[in-house]
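Proteins get letters first, then strands, A, B, ... in listed order; numbering begins at 1 in each.
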Amino acid sequence: MTLSLIEGLLLVFVLGCAIGAAVLRDVLASLMAFAAYSLGISIIWVMLEAPDVGLTEAAVGAGIMTILFILALANTVRPQENGLFESLSVRTVVLVGAFVVVMVATVPSLPAIGADGAANPVVSGEVTQHYIDNAYADTEVKNAVTAVLAAYRGFDTLGEAVVVFSAGVAALTVLRQEVFA
Amino acid sequence: MSSDERTGLYVESTIIMTTVRVVAPFVLTFALFVMFHGANSPGGGFQGGVIAGSVVMMLAFAYGIDAAREWLDVRVVAALASGGVLTFAAIGLGTIVLGGNFLEYHLYEQFISHVVAYAIELVELAIGGIVASVAIGLFFLLAAGFGHAVDAPEDES
Amino acid sequence: MFELLNSHYNYFAVMLLLGIGLYMLIESRNLVKKVIGMNIFQTGIFLFFITLAFRTGGNPPIIKEGGGPYVSPLPHVLILTAIVVGVSLTAVALALIIRIYTEYGTLDEDKLKQLYYD
Amino acid sequence: MTESLRPILAILVSTVAIPVILSLKRRPNVREGVTLTVAFAKFAIIASMVPGVLSGTQYEFVLGQFATGIELAFNVDPLGLLFGLLASLLWIVTSFYSIGYMRGLDEHAQTRYFASFAASLASAVGVAFASNLLTLFVCYELLTVSTYPLVTHDETDEARAAGRKYLAYTFGGGVAVLGGTVLVFVLAGTTAFTPDGIEALATADPTLARAAFALLAAGFGVKAALMPMHSWLPDAMVAPTPVSGLLHAVAVVKSGVFGIARVVLDVYGPVTMKELGVALPLAAIAAFTLLTASIIALRQDNLKRRLAYSTISQLSYIVLGLALLKENALTGGLLHIPAHAFMKLTLFFCAGAIHVETHTDDISDMAGIGKRMPLTMAAFAVAAAGMAGIPLVAGFVSKWYLVIGALNLESGGLVFAAALLVSGVLNIAYFWPIVYQAYFESPEGHDEKPLIEGPFGGRSELRADGGDSDETHAASDEGEVPEPEHVDHLGKHDEEHEHHGGPPAGGWDDRGWRGGESTWFMLGPILTAATLSLLLGTVPYTAVFLRIVDTIVSNLPGVMA
Amino acid sequence: MIEQIPVLLVVLPIVGGAIPLVASLVSDRAGWPVATLTLVGQTGLAGLLAWTVSTSGTVSYAVGGFAAPYGIELVVDGLSGAVALLVAVISLGVLAYARKAGPHSGPFYGLYLLLVAGLTGMTVTGDVFNLYVFLEITGLAAYGLVASGRDASAAVAALKYLIIGTVGASLYLLGVGYLLAATGTLNMADLATKIGEMAAYDSTLVLTAFGLMVGGLTVKVALFPLHTWQPDAYANAPDTVSAFISALVSTVSAYALARLLFSVFTVEFLTAVPVARWALVGLACVSIVAGSALAVSQDSVQRMLAYSSVSQFGLVVAGFAIATPLAVVGATVHLLGHAVMKGGLFAATGVIERKTGATTVNGYAGMGSRVPVSAFAFAVLSLAMVGVPPAVGFVGKWYIVLGAVNAENWAVVAVLLASTLLTLAYFARLVERLYFAEATIHSKPDEAPVTDGSGQAVSFGMIAVVVIAAALAVALTAAVPELQAMLEDTLPPLLNQ
């Protein structure tokens, strides 16, 4: 698949929001940029035919995460910053740049976007094929994502539920509370 | 952070209150729909749980966080979170009791037919419960901030 | 080079997002912005997985008669989990930030270091 | 080989005593009783194995598997018996002496002291009886740990510095031993001691085998105080004198020498040593050490320091004897282990007695002290004579064999023999002035500090021992904070104790020859040790040690006559 | 029933961890009994499992009955069986300490059990993504536990831990992505065959995956220079938590690293790509030296112990990376032994602080007589850590060195041997101060000591934990042949012998 205009624009938007979140000095502005970023990302998920992930990202990333961030900001004082943008640290840019360059060097070895067959074992590998072939027979649900989530990789999902639960309990411990109140 | 500053976030508005009152049941229904319908279309326990949690947040925005906190029993939140985990675990352990492996849903077939789908729905519901209650709990916790109970004496015995 | 960009554009975006996230993690003095950076870093990784799952002309993996080909459901499941993990971490991080602010009165990393090592 | 509980019993008896001693903190008399009982028991157990070992029996005890292919096992062979018998015998002597010394100075932390002593002895006997390199290493490290509290006993800055240095050097040596052990294990597939060497080592990669030997020799060489790894030993003289005596003349340094002996005789074996060409460098280092240390000893004014350098020198006699790989030299070297132990113990005990009674540590302060402490100085003279190799004392016999062995060498023998003889002369040069001063000079007619003000020597404020540098202990010395049980048992505080070092204002008083000079707790051990060195010098076979040595040497077909 | 134990080991602490939150609504002190009951069961199960593994070999378990590459597989072999047992035993032991030392809140015990669940999950899983999930459960629980202290600094340390830990885990996840891109599978055994078949060992995808996954885990293990979260976290957490996480969190991460090396990438990969092995060995050696150097320069005892972990894990990782059977046995022994020793040491610092108020190296001066039992245990544990035989610290080192010699890797041998002296450098000064220096803190023992603010005294259970740890540090040596026998069936297939 080649880069379409709309995808290109979306990517530019998402990257722009991310950069905005990074360079905007004001925390609330940065947070808003991040919320927009999340929204953009969730659209990307949908365009990549991952509606489940898109829905989750919209509900979680753009929704609840933003609310939690705002609550945190409400409980802390927004620092009065002068200047719209953060100053750029050359040292860190070089450091991070080196990391990015190394990672970019690995990109050509990745399968092209949308490739299938032997080039992309993720979509054409036996594991994915098994899921698509057997999901309904094994689990009686049509959504293969749900089938994998709850049945084939149900143990992961138990772990995932425990992660959420742990986060709740950890927040209680962090704020030294006995109950959610 | 003192409590009057916290309530300062909240401005009472009849329009919002009425809207929320009307919308809330629908949102809750939608949440359950997303939770249950995950089997055959996008969605599932997590997404549904988050939406369900957002109902309480909407109420909190409309009626004030303290009012919402009073309205919602903390025990329900805790029970829902722990109960969700325990339900999930129990579904898995049940299949062990029936002689299979953990989470081997089809062993429940001997009681009800097409049980795998139901079991998955139940799992989704459990997850939804956990997610919703933890989201609500986190919401209250973060809204309350740190400090109002910090000086509570630790058990010294 | 353009060829590569055209066929691998998402991956380049992934690396850039990782870079931006990492930059924020290292350089942002405000703790809340650090946490935002952490999220951007993680979503970069999510994009990596979801792009891997995609196939040209594929449909969402909701199985129906003649509905294929489907994109791979596996990375979607992984990323659903990872998103939930991410939001959980963020929640705990924010709880920590609230506590740190209440105790120290600042979210500035440099000021905090001074207070912390006193 | 015979399965027997005796080797492990010999080790356990003092191990078990440790908690008992620690629990008797409030009852010093019982505590010391326990120490003595255990010391006798230990000696008895070890001595009971002597006839068997002499007739060719070996007592073995396997504690368990330590690691793949390596057992934690103890085996009493003649070489082990030599060291074990010596250590346990001298523990008895030292225990008596310790009681007199520690109570005489009213030292602090005596319980820790006696407990550490018991632990040290358990480890030392473990070293003696270990049946493979790894077991030896285990005990060797435990010996380091258990002697550390003794070295640092004083708790002064100086003592702590000495302790640190001691730990650094000996653990450094331990690391080298470990490295060597691993190499030997990898090369040979075993580390078990085999008379005449482990066969597989002879065929192993010679470079690695040499490296392993160098590591082992260097590692054990630290405790054997081979130069340039010797400098912990003079510093460790800060410890109480009985510690210096037993541990730094007997157990610790001898465990190093013993380790080298094991490596030379039972790991590599003389033949492999010769093939690898590692014997000559070792001999050269030993010869260098024994000469250099003797020269440095000349410059020391502090008596214990001079003794320490003498120790460094004498230990190298033993190493030289081992490294020459000749039957006679070997006999001499091995016999020098007990011979040196008896003589050096006597000397240290004498130094300690002088310290307790007169608080004198420097040789330049000792003019005429023979009048004050006649028996002590007589014993000192005997032992010093032995050190120099004068006949009738133990040192003569061992040195005789050593020189004969050196002369038998095909080439270079004269060099080594000359080194031995020159060192003997130097021995006389640094011991004779002490004896001469003690008996034939008086404080008045004696020049202040006649000796070279060396880098170590001559500091009169050097408190090489005792707890008197600490205010509280100085106070308890004067009986202000009397601990009744100490006083009533010992009942003797020397009137000179306030005076620090050197003769009192009116010169030394005359205490006569009937023991008025000190307590019998101290005199007894001194005279016993001196007697033992005389016995070993006059009737070496009857004194058993030479017979053990002969058995060892006769078990080694690889040794060239 | 026995074949169900792998999954029960994970589910039991999850169930236990869910209870205190509701139970605390009924009673404030329900947390401890629930945790104890759960962990007693856990220890029993883990013991049974370890016994099963050592008698009848590797146990594998298909969760949900779905066969391996499609479902999640749990695999318990000698290595994971031993680690699972360690996790159970230590968490039970620390619980005895926590009873008095606190914190006492219900959520604390919930989190405690969730941490056990996460650690056990990491240990038994045979799936690289499942490992990530449990890694994050472990992380979340650990962040929360670190912040459970009263001190504000605990929150700062926890946030630092969270941010760095998340980056580490995310890098690991990205590495999983690269492996997925190369092979399309997540099951460890399946990956082991497919890497090499579907993607060459030295292909960019596999190499990147290796770098990212190993890099991510070394953050969690806290190897130098990725250790920066660790001293803050260990030193600022409550004593109970310090003892717990210092004993287990890095330990299980190091285990996961080993699992990754042997069960996913396999030794063939290390042989085919020597640079990967040497990079890891080099990192480990740097960690040994730098960790020791940093430990020497610390004034706070807990920070010193934390840096000591940096150094000791260098030793463990070096053993794994050398990957000869002996070295792996040694690394495993040291991994388990270090957990006991370090946990015991942190527990001892807690007792000493509560009794005397001493927290710094200088403050420890003269405490040998004030807190004789704990100080003695501390000294024994220190010596064991230095590697004085016959303590278990020595045995591990012995095997690792033996393995390095077998691999004829002389530079590593030198570093490994020198590590003894490096460790000695920071422990000796502490032990010396404990026993041979004038006290600098002169409060009477019965006066309220300067503690972390909780003002609590010390219970018998706390001292017992310290003493038992010291005894174990020596006694475990006797169990080494047993462990080795257990690993004998496991290692050959792992190491392609």
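Ranked by non-hydrogen atom pairs under 4.5 Å with chain E, the options Ala90(B), Ala78(B), Ala89(B) are led by Ala78(B). Counting heavy-atom pairs closer than 4.5 Å to chain B, the top residue among Val63(E), Leu8(E), Val11(E) is Val11(E). Counting heavy-atom pairs closer than 4.5 Å to chain B, the top-ranked of the candidates Ser459(E), Pro20(E), Gly110(E), Ala62(E) is Ala62(E).
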Query raised in the report: Can you list the steps and then say if Val15(E) with Val85(B) is a side-chain contact (heavy atoms from CB on, under 4.5 Å)?
Result: CA-CA 7 Å; Val15(E) 170; Val85(B) 173; over 6 Å; no
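Neither the backbone nor the side chain of Leu107(B) comes within less than 4.5 Å of any heavy atom of chain E.
The two residues Phe102(B) and Tyr61(E) have their closest heavy-atom pair at N-OH, 2.6 Å. Residues Leu21(E) and Ser82(B) come closest through the heavy atom pair CB-OG, 3.5 Å.
In this structure, Ile96(B) and Val7(E) have side chains that are in contact, with non-hydrogen atoms separated by less than 4.5 Å.
Glu3(E) contributes no side-chain N or O that, together with a main-chain N or O of Asn101(B), makes up a donor-acceptor pair within less than 3.5 Å.
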